[in-house]
Amino acid sequence: MRIFITAILVFLNFILQTTILPYAAIRGVVPNTALILVVSYGLLRGENEGCIVGFCNGLLIDIFFGVSFGFYTLLLFLAGLWAGRGQKDFYRENYLLPIISCALATIVYETILFVTGFILQGETNLIYFLLHLLIPEVVYTAIITIPMYRILFGINEWLELKEKYKYRLF
């Protein structure tokens with residue numbers, strides 16, 4: 001059941017991020033819901049499920065939009081691994097850590113994209129990158145993290161209760 005729901009969430013997130021969210025762009029910046037999903041799964045379920053969700057999200061992005069195959073897969077896989085490392089020491093009802101984790105993951109993700117995509121091509125306008133791309137996307141992603149994490153937290157709690165009482169006879 002968990003695999004099925006996770007697959008549906010990954011697919012719905014991909015559809016949402018590629019079709020509807022570009023219309024909700026603020027000054028050309030769209031929140032990275034794939035990164036939010038990966039970090040949230042890493043924090044809620046651990047590094048194994050964070051890596052799997054990151055791999056699947058990255059693979060979808062690479063198949064449909066990637067220039068070099070495996071780049072986004074590797075980035076989101078590593079984000080799931082990083083977020084899942086601290087899963088055991090994390091109080092899941094606290095919303096501050098997911099917001100900070102998603103903001104830090106967005107900073108690292110976008111910086112890697114900037115270094116590999118722009119600097120290697122000769123575009124070195126760091127001030128433009130910081131003011132018009134990085135800071136607005138970090139803020140927008142952090143704001144969207146709150147409702148999205150709440151939904152994922154509720155789904156995770158429901159699935160854990162279902163798994164806990166699966167073999168119990170009443």
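Worth knowing before you read on, the calculation uses all heavy atoms, side chains too, and leaves out hydrogens, waters and symmetry mates.
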Inset, instruction - Calculate, to the nearest 0.5 Å, the distance between atoms CZ and CD belonging to R2 and E160 respectively. - result: 6.0 Å

Inset, instruction - Report yes or no: do I99 and L44 belong to one cluster of Ile/Leu/Val/Met/Phe/Trp/Tyr joined by side chain heavy-atom distances under 4.5 Å? - result: no

Legend entry - Pairs involving residues 70-87, ordered by first then second residue, that meet salt bridge (charged side-chain N to carboxylate O under 4.0 Å, His left out) (sequence neighbours left out): E47-R85

Inset, instruction - Would you indicate whether F55, at its atom CZ, is surrounded by more than 12 heavy atoms from other residues, nucleotides or ligands within a distance under 6.0 Å? - result: no

Legend entry - Distance in Å, N94 CG paired with Y149 OH, rounded so as to fall on 0.5 Å steps: 8.0 Å

With a cut-off of 3.5 Å and sequence neighbours excluded, list every side-chain donor-acceptor pair involving residues 71-78.
unit_1, atom_1, unit_2, atom_2, d
T73, OG1, G58, O, 3.2
T73, OG1, L59, N, 3.2
T73, OG1, D62, OD2, 2.7

Inset, instruction - Find the distance between CD (E163) and CE (M1) and round it off to the nearest 0.5 Å. - result: 10.0 Å

Legend entry - Closest approach of T33 to M148 (non-hydrogen atoms, all atoms of both residues): O-CE, 3.4 Å

Legend entry - Distance-only side-chain donor-acceptor flag, T141 / N32, under 3.5 Å: no

Inset, instruction - Answer yes or no: does atom CZ of F11 have more than 12 heavy-atom neighbours from other residues, nucleotides or ligands under 6.0 Å? - result: no

Legend entry - Spatial distance of atom OG1 (T145) from atom OH (Y95) [nearest 0.5 Å]: 12.0 Å

Legend entry - side-chain hydrogen bond (donor to acceptor under 3.5 Å, both in side chains) partners of Y41, counting only residues at least two apart: T6

Legend entry - Within one Ile-Leu-Val-Met-Phe-Trp-Tyr cluster: L81 and Y109, side-chain cutoff 4.5 Å: yes

Legend entry - Evaluation steps, side-chain contact (heavy atoms from CB on, under 4.5 Å), between L133 and E110: CA-CA 9 Å; L133 296 175; E110 289 298 322; 5.7 Å; no

Inset, instruction - For the pair S101 and W82, evaluate side-chain contact (heavy atoms from CB on, under 4.5 Å) and give the outcome as yes or no after the intermediate values. - result: CA-CA 9 Å; S101 296; W82 171 75; 4.1 Å; yes

Legend entry - Hydrophobic cluster identity match, F65 and F69, side-chain contacts under 4.5 Å: yes

Legend entry - Distance in Å, I135 CD1 paired with F129 CZ, rounded so as to fall on 0.5 Å steps: 9.5 Å

Inset, instruction - Check the surroundings of atom CZ in F4: do more than 12 heavy atoms from other residues, nucleotides or ligands lie under 6.0 Å from it? - result: no

Inset, instruction - May I ask whether L21 and V10 are part of the same hydrophobic cluster, defined by side-chain heavy atoms of I, L, V, M, F, W, Y residues being less than 4.5 angstrom apart, directly or through others? - result: no

Legend entry - Within one Ile-Leu-Val-Met-Phe-Trp-Tyr cluster: L131 and L113, side-chain cutoff 4.5 Å: no

Inset, instruction - Determine the minimum heavy-atom distance between G50 and V38, stating which atoms define it. - result: O-CG1, 3.8 Å

Inset, instruction - Carefully, step by step, assess L9 and N13 under the rule side-chain contact (heavy atoms from CB on, under 4.5 Å). - result: CA-CA 6 Å; L9 285 173; N13 177 59; over 6 Å; no

Legend entry - Least distance between heavy atoms, L43 atom then A83 atom: CD2-O, 3.4 Å

Inset, instruction - Look at atom CD1 of I8 and say whether more than 12 heavy atoms of other residues, nucleotides or ligands are closer to it than 6.0 Å. - result: yes

Inset, instruction - Kindly say whether A34 contributes a backbone atom to a donor-acceptor pair with the side chain of Q17 at under 3.5 angstrom? - result: yes

Legend entry - Set of residues satisfying side-chain hydrogen bond (donor to acceptor under 3.5 Å, both in side chains) with respect to E49, sequence neighbours excluded: R45

Inset, instruction - Quick one: pull up CG in L159 and CD1 in I5 and give me the separation to the nearest 0.5 Å. - result: 5.0 Å

Inset, instruction - Kindly determine whether I100 and L104 satisfy side-chain contact (heavy atoms from CB on, under 4.5 Å), including the steps that lead there. - result: CA-CA 6 Å; I100 293 170; L104 289 175; 4.0 Å; yes

Inset, instruction - Only counting residues at least two apart or in another chain, list the ones meeting ring-ring contact (aromatic ring centres under 6.0 Å, His included) with F64. - result: F14

Inset, instruction - Using the test ring-ring contact (aromatic ring centres under 6.0 Å, His included), find all partners of Y128 that sit at least two apart in sequence or belong to another chain. - result: H132

